[in-house]
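These notes concern the structure reproduced below.
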Amino acid sequence: MDRRPSARARPPATAARGPRTARRAGDGAAKAGTRPSRERGPAVRAASEPPARDPLAAILQAAGELLDEVGAEGLNTTAVARRAGVSTATLYRHFPDKRAVLHAVVQSVHTERALAVGRYYERFVTEADWRAPLSDLLMDMYRMRVGRPGGRSTRRALQTSPELWQWDQQQNEELARAFAAAMRRRRPALSRARAQRIALVIVTATVALLDLACLDERRARSLLEEAISMRTAYLAPYLD
């Protein structure tokens, strides 16, 4: 283990030794062959070094990558820590066991999804054509699933945990309530109860079709296009 004091712990050379440094610089100019001072080296290196990686973020990314490779059953904390570049002690400071790691990855995927959905729902309310934001949202959700470590495998992991499955259903209902509110902002005459039923059907069908598209990439594009057509036809009588 490197026990050298951190460069950040040292005061900058120019602040601590300004007058003395100036004199040395003058002396150096007068004396041929004098080696230039290296006192500012550590400060310069500290400023140019990249910030330390967040251990929690590294653990979640590593767990997502391993979920893609070995699935929920093959996931273990030792492998996650090794992939994240942290000690198992560091991992256990954040998570008590493998189950907690899995739950955290699933929740982080849902958090990303919810943030993206909120932006698209705002576009859905404010743009003249409501179809475009919903189509863009579906394609973005697919790209997030296939492009993010653990994006697809967390959906399969839900099948292994009744607790996670129930939590996922609650998150979908939250998204449905948000979509119902967005529909009523666009069409105030739509009753709250009707908007909530419509939104729940849309969210449930969309999640199922995304699951199917992620399982079969050869048909993914055509499935997503059919999903867009289905949702547009269903929503048009209420929103046009």
| query | Quick check, are the ring centers of W167 and H110 under 6.0 angstrom apart? | reply |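 Ring centroids of W167 and H110 are less than 6.0 Å from each other.
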| said: Can you classify the ring geometry of W130 versus F124 as parallel (below 30°), tilted (30 to 60°) or perpendicular (above 60°)? | reply: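 The arrangement is perpendicular - the two ring planes meet at more than 60°.
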Under a 3.5 Å threshold, yes or no: a donor from one side chain and an acceptor from the other, between [X] and [Y]?
X: R93; Y: T90; answer: yes
X: Q170; Y: E174; answer: no
X: S108; Y: R148; answer: yes
X: D136; Y: Y120; answer: no

| Could you give the distance from CG (D97) to NE2 (H103), rounded to the nearest 0.5 Å? |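 Rounded to the nearest 0.5 Å, the CG-NE2 separation comes to 8.5 Å.
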| request: Please confirm whether the backbone N or O of L239 pairs with a side-chain atom of R187, one donor and one acceptor, at under 3.5 Å? | output: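 Side chain of R187 to backbone of L239, a donor-acceptor pair under 3.5 Å: yes, one is there.
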| field | CA sep, side-chain torsions, deciding dist, call: E226, R219, salt bridge (charged side-chain N to carboxylate O under 4.0 Å, His left out) | value | CA-CA 11 Å; E226 291 300 327; R219 294 191 299 164; over 6 Å; no
| request: With the side chain counted from C-beta on, respond yes when E173 and V203 share a heavy-atom pair under 4.5 Å apart, and no when they do not. | output: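 Answer no - side chains too far apart.
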| said: Before you tell me yes or no, could you show the steps for R155 and D168 under salt bridge (charged side-chain N to carboxylate O under 4.0 Å, His left out), namely the whole-Å CA-CA distance, both residues' side-chain angles and the distance that decides it to 0.1 Å? | reply: CA-CA 9 Å; R155 297 297 304 170; D168 181 65; 3.1 Å; yes
| Members sharing L212's hydrophobic cluster (side chains within less than 4.5 Å) |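 Other cluster members: L223.
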